[in-house]
Amino acid sequence: MHVSTHLPVCVCVCVRKRDESLLHVYRTPPRPTGKDLESVAPLLHTMEETPNAIPTTIKGTIPSWINGSFLRNGPGKFEFGEDRYTHWFDGMALMHRFHICEGNVTYSSRFLRSDSFVQNSERNRIVVSEFGTLAMPDPCKNIFARFFSRFQIPKTTDNASVNFVKYKGDYYVSTETNYMRRIDPQSLETKEKVDWSQFIAVNSATAHPHYDREGASYNMGNSYGKGFFYNIIRVPPPKEKEAKEDTVDLSGAEVICSIRASEPRKPSYYHSFVMSENYIVFIEQPIKLDLMRFMLYRILGKSFHQVMSWEPQYETIFHLVNRHTGKSEVRYRAAPMFTLHQINAFENDGFLVMDMCCGDDGAVIADFTLENLRKGPGKELDEFYNALCRNLPRRYVLPLSVDQHTPLDQNLVTLHYCAATATMTGPGEVYLTHEELHNDELLQYGGLEFPQINYAHYNGRNYRYFYSCGFGHVFADSLLKMDVHTKELKVWRHPGLFPSEPVFVAAPNATEEDDGVVMSVIITPREEKSTFLLVLDAKTFTELGRAEVPVNIPYGTHGVFNEMG
C-alpha cells in the first residue's frame, strides 16, 4: 500500500509549546519564481533499450581508481498500443548501467521484463493498473463481462521502476508493492519475481532499505488484518562460509517491530524511514490513504493516487524504535509536514539528530502527471512549477532519555549546535520543532531533493556533507553540496542540463568524509543523443570528466554504485 516518488511560498509554523499563545513562527523568505521555463517533455517519452554495451566518448578524465557499475532505474515506456499512462510513476522500468574501468565507460540499458511489461506487450494495451493509471476492461468482452470485471481484485504491479536495492549480496529492482525482481547487475537480465509476503508477513516494502555495518538490511512494510500496522523488517547478512546458490534468498527475514496506525482507517503513506546506529524512526505523516475508498477504487474507476490525500489536520508522529530490542515507547509529535527522503541520522550525547528533506504540502505527489510535466514552455508550465511547494532540509532532535521525571514545558535539547527544540507535553509524549538546515541561498536553487551522503562510512554517524539535486524546474536543474555545519553550498548548474540523483563514491584509502567523487547522469531536452555521465570531485565540486552517450535516456529516479561490478 505504498506509492512511489519525489513545492506558493511555504510558511513553516513551528509550535514551541502546545499553548497557542506561545506560537513561534518562522517565515520562509520569498523565493525566486520560475519564468519562461523550457519544456522538459522530450525527457518523458518512450526510449529504446540498449542491451549490448556501447562505448562512450570521454571528455576530461574519469579517475582510474573507479572500478564498478553505476546502476540507474526509472520509467522508460509510457504507452502500449493506443493506451497511454497518465502519471510519470507509471512508466515501465528501464534499467541503466554505466560500467567504469580504468578511465573508460560503457553504457547499456534494458527494460525490466516484469509480468506487467510482458502482459502489456503481449496484448498491446495496458492490462495492469499502475499508481496513476487504471487498466480498463478488455474491449473485446461483452458489456456484462466488462462491468463485472470492475469488481475483481486488481493485479498488483511488479513494475519495479524506483530503485536498485541489495539483500544478502543480491541486487533487486524495487517499487512500493509486495513485489521485487532479482537482477543480474552486469547483464541487467531480469530474474525471479519475489513476493515479500511469501517470506514474511507484510503486504509491501519500501524501495529505500537501510544497511548496517554487519551486512543486515532493514526495511518497512505494511500489514493489515485486525488493524493496520507499519512493520520494521530485518533481513540478515549473507553467511560468509556457505556456498551461495544463484537464487532468491530472503531466509531469516523477520519483523522486529509492528507499529499500529494512529488512524486505522487512514494509514499514512511513507517512502522511506530513518536509521541511526541503534534506532529506527518511522515517520507517520499526514499523507493519508483512505482504506474504504481504496477498497472501492476499481469500482469507482479511480487510480491509486486518487485515494491518497494531504490532511494537515493530523500532526506528524515520529515512532522511535530500538532496532536491537524492537521496543517503541516514546511518541514524538511535530507540526504537519511531509517527507520522501531522509538525509542522515546520528546519536550524540543522549539525543538522536535527524536530518530530512521536508515540505509543507504533501499533495505534490499527485501533481506529477505526464500532462503537467509535458506542458510546453510558457505561462502554464511556469504556473505549474510555481504552485509546487519546495522541499527543504530540516533537522529534528529527539531526546532519548525521557521518563516520568522529565520536566514538562521545557526545551530538552542541550546540544549547542542545534536550534531545534523538544518539549515534554505529557506522559510518553514529546513535541518537536525543527531547525532549518539551510540559509536563504538555497531558495534561489528551488529547494532540494534526492539527498545522498558518504553512506558506507557515515550512515548513522555524525557527518558534515550531503549531496542533492536543486529544483529550479519541475525536474532537477542543479547539483548541490551542503555543509550541514556551516549551511554553505557548492553548486553545479548549467542552463538546459538536468541531472539525476548524485551518488558519492569514496576514493581508495580516503581519510576525509568528502574524499571521492560524485556521479550523476545529465540529460537535456535541447539536443538529441546528448546524455552524459558527469563525474565531479566531491571536495571541490568541480568537473573531472564526463562520458558522453550516443543515445537518449529518460529522466529517472534512483541509482547505486556497484563496486567492482
Discussion item. We want to know whether Ser114 and Asn159 form a side-chain donor-acceptor pair, criterion being a heavy-atom distance below 3.5 angstrom.
Written reply: no
Worksheet entry | Point-to-point distance, once rounded to the nearest 0.5 Å, from CD1 of Ile183 to NZ of Lys166 | 14.5 Å
Practice prompt. Say whether, by atom type as modelled, one donor and one acceptor occur between the side chain of Glu548 and the main chain of Phe532 under 3.5 angstrom.
Written response: no
Worksheet item: Angle class for the His87/Phe131 ring planes (parallel below 30°, perpendicular above 60°, tilted otherwise)?
Response: perpendicular
Worksheet item: Backbone N or O of Glu122 within a donor-acceptor pair of the Arg125 side chain at under 3.5 Å?
Response: no
Worksheet item: Does a side chain donor of either Thr339 or Gln285 reach within less than 3.5 Å of an acceptor in the other side chain?
Response: no
Worksheet item: In terms of ring plane angle, is the pair Phe282 and Tyr230 parallel, tilted or perpendicular, where the classes change at 30° and 60°?
Response: tilted
Worksheet item: Does the side chain of Tyr218 come under 3.5 Å of the side chain of Arg234 through a donor N or O and an acceptor N or O?
Response: yes
Worksheet entry | Donor-acceptor contact below 3.5 Å, side chain Thr175 vs main chain Thr177 | no
Discussion item. Before you tell me yes or no, could you show the steps for Phe338 and Tyr269 under side chain to side chain contact (heavy atoms under 4.5 Å, CB included), namely the whole-Å CA-CA distance, both residues' side-chain angles and the distance that decides it to 0.1 Å?
Written reply: CA-CA 10 Å; Phe338 93 98; Tyr269 164 72; over 6 Å; no
Worksheet item: Are any side-chain N or O atoms of Asn163 and backbone N or O atoms of Val165, one a donor and one an acceptor, separated by less than 3.5 Å?
Response: no
Discussion item. Any non-hydrogen side-chain atom of Glu79 less than 4.5 Å from a side-chain atom of Thr46?
Written reply: yes
Discussion item. Do Trp88 and Asn372 have side chains that approach each other closer than 4.5 Å (heavy atoms only, starting at C-beta)?
Written reply: no
Worksheet item: Does atom CZ of Arg493 have more than 12 heavy-atom neighbours, drawn from other residues, nucleotides or ligands, at distances under 6.0 Å?
Response: yes
Item to complete: Determine whether more than 12 heavy atoms belonging to other residues, nucleotides or ligands lie under 6.0 Å from atom CD of Glu48.
Response: no
Item to complete: Could you tell me the separation between the CG atom of Asn73 and the NE2 atom of His96, rounded to the nearest 0.5 Å?
Response: 7.5 Å
Fill in: Any side-chain heavy-atom pair of Leu448 and Pro393 under 4.5 Å
yes
Fill in: Any residue meeting ring-ring contact (aromatic ring centres under 6.0 Å, His included) with Phe504, in chain and number order, not counting sequence neighbours
Tyr467
Discussion item. Within the structure provided, determine whether Met92 and Asn120 are in side-chain contact (heavy-atom separation under 4.5 Å).
Written reply: yes
Practice prompt. Would you mind reporting whether Leu373 and Phe384 have side-chain heavy atoms less than 4.5 Å apart?
Written response: yes
Discussion item. Checking Arg97 against Asp184 for the salt bridge (Lys or Arg N to Asp or Glu O under 4.0 Å) test, could you report, in this order, the C-alpha distance in whole Å, the side-chain angles of both residues, the deciding distance, and whether it holds?
Written reply: CA-CA 11 Å; Arg97 178 180 185 249; Asp184 183 320; over 6 Å; no
Worksheet item: Using 30° and 60° as the class limits, which term best fits the ring planes of His341 and His271: parallel, tilted or perpendicular?
Response: perpendicular
Worksheet item: Considering only heavy atoms from C-beta outward, does the side chain of Leu497 approach that of Trp492 to under 4.5 Å?
Response: yes
Item to complete: Considering non-hydrogen atoms only, spot the tightest contact between Ile523 and Pro554 and give its length.
Response: CD1-C, 3.9 Å
Discussion item. Taking Thr206's backbone N and O only, do any of them form a donor-acceptor pair with Asn219's side chain (distance below 3.5 Å, no angle check)?
Written reply: yes
Discussion item. Is it the case that the side chain of Asn231 and the backbone of Ser258 share a donor-acceptor pair, with hydrogens and angles ignored and the cut-off at 3.5 Å?
Written reply: no
Response to the item:
In short, Cys469 meets Pro502 closest at the heavy-atom pair SG-CD, 3.8 Å
Worksheet item: Taking side chain as C-beta onward, heavy atoms only, is Ile453 less than 4.5 Å from Ile343?
Response: yes
Worksheet item: So His473 and Tyr385, would you call those rings parallel, tilted or perpendicular, with 30° and 60° as cut-offs?
Response: tilted
Fill in: Ring geometry between His208 and His558 (parallel below 30°, tilted from 30 to 60°, perpendicular above 60°)
perpendicular
Discussion item. Donor-acceptor pair, distance only, cut-off 3.5 Å: does the side chain of Asp158 make one with the backbone of Ser116?
Written reply: yes
Worksheet item: Within 45° of the axis and under 6.0 Å from the centre of the six-membered ring of Tyr314, does NZ or CZ of Lys288 qualify?
Response: yes
Worksheet item: Shortest non-hydrogen contact from Met337 to Cys358?
Response: SD-SG, 3.9 Å
Worksheet item: Would Tyr107 and Phe98 count as a close aromatic pair, with their ring centres under 6.0 Å?
Response: yes
Practice prompt. Before giving the answer on side chain to side chain contact (heavy atoms under 4.5 Å, CB included), spell out for Tyr270 and Ile283 the whole-Å C-alpha distance, their side-chain angles and the decisive distance to 0.1 Å.
Written response: CA-CA 7 Å; Tyr270 55 99; Ile283 302 155; over 6 Å; no
Response to the item:
Separation between CG (Asp36) and CG (Leu381), nearest 0.5 Å, reads 10.0 Å
Worksheet item: For residues Thr86 and Thr369, is any side-chain donor paired with an opposing acceptor at under 3.5 Å?
Response: no
Fill in: Exceeds 12 heavy-atom contacts within 6.0 angstrom, atom CD of Gln313
yes
Worksheet item: Are the side chain of Ser69 and the backbone N or O of Leu71 linked by a donor-acceptor pair below 3.5 Å?
Response: no
Response to the item:
Ala53 meets the side-chain contact (heavy atoms from CB on, under 4.5 Å) criterion, sequence neighbours left out, with Thr106, Ser108
Item to complete: With rounding to the nearest 0.5 Å, note down the distance linking CD1 in Ile66 to CE in Met519.
Response: 5.5 Å
Fill in: Electrostatic pair Arg123:Asp83 at N-O distance under 4.0 angstrom
no
Worksheet item: So, does Asn391 use its side chain to make a donor-acceptor pair with the main chain of Cys357 at under 3.5 Å?
Response: no
Discussion item. Please find the pair of heavy atoms, one from Leu188 and one from Met95, that lie closest to each other, and give the distance.
Written reply: O-CE, 3.3 Å
Item to complete: Using only heavy-atom distances, determine whether the side chains of Asn203 and Ser223 contain a donor-acceptor pair under 3.5 Å.
Response: no
Worksheet entry | Donor-acceptor contact present, side-chain Lys168 to main-chain Ser251, <3.5 Å | yes
Practice prompt. Calculate, to the nearest 0.5 Å, the distance between atoms OG and CD belonging to Ser520 and Glu501 respectively.
Written response: 8.5 Å
Worksheet item: Is the Phe475 to Phe498 ring centre distance short of 6.0 Å?
Response: no
Discussion item. Distance alone, cut at 3.5 Å: any donor-acceptor contact between the side chains of Ser309 and Glu311?
Written reply: yes
Worksheet item: How close do Glu38 and Gly496 get, heavy atom to heavy atom, and via which atoms?
Response: OE2-CA, 3.2 Å
Worksheet item: Is Asp115 salt-bridged to Arg181, cutoff N-O under 4.0 Å?
Response: yes
Practice prompt. Can you see which heavy atom on Ser468 is nearest to which on Pro451, and at what distance?
Written response: CB-CA, 4.0 Å
Fill in: Distance flag, aromatic centroids of Phe117 and Phe111, threshold under 6.0 Å
yes
Worksheet entry | Salt-bridge criterion met for Arg113 and Glu49 (N-O under 4.0 Å) | yes
Worksheet item: To the nearest 0.5 Å, how far apart are CG in Asn124 and CZ in Phe80?
Response: 8.5 Å
Worksheet entry | Close side-chain approach of Pro286 and Trp310, heavy atoms under 4.5 Å | yes
Worksheet item: Taking the six-membered ring for Trp, are the ring centroids of Trp196 and Tyr167 within less than 6.0 Å of each other?
Response: yes
Worksheet, complete the sentence: Hits for salt bridge (charged side-chain N to carboxylate O under 4.0 Å, His left out) against Glu380, two or more places apart or cross-chain, chain-then-number order -> Lys375
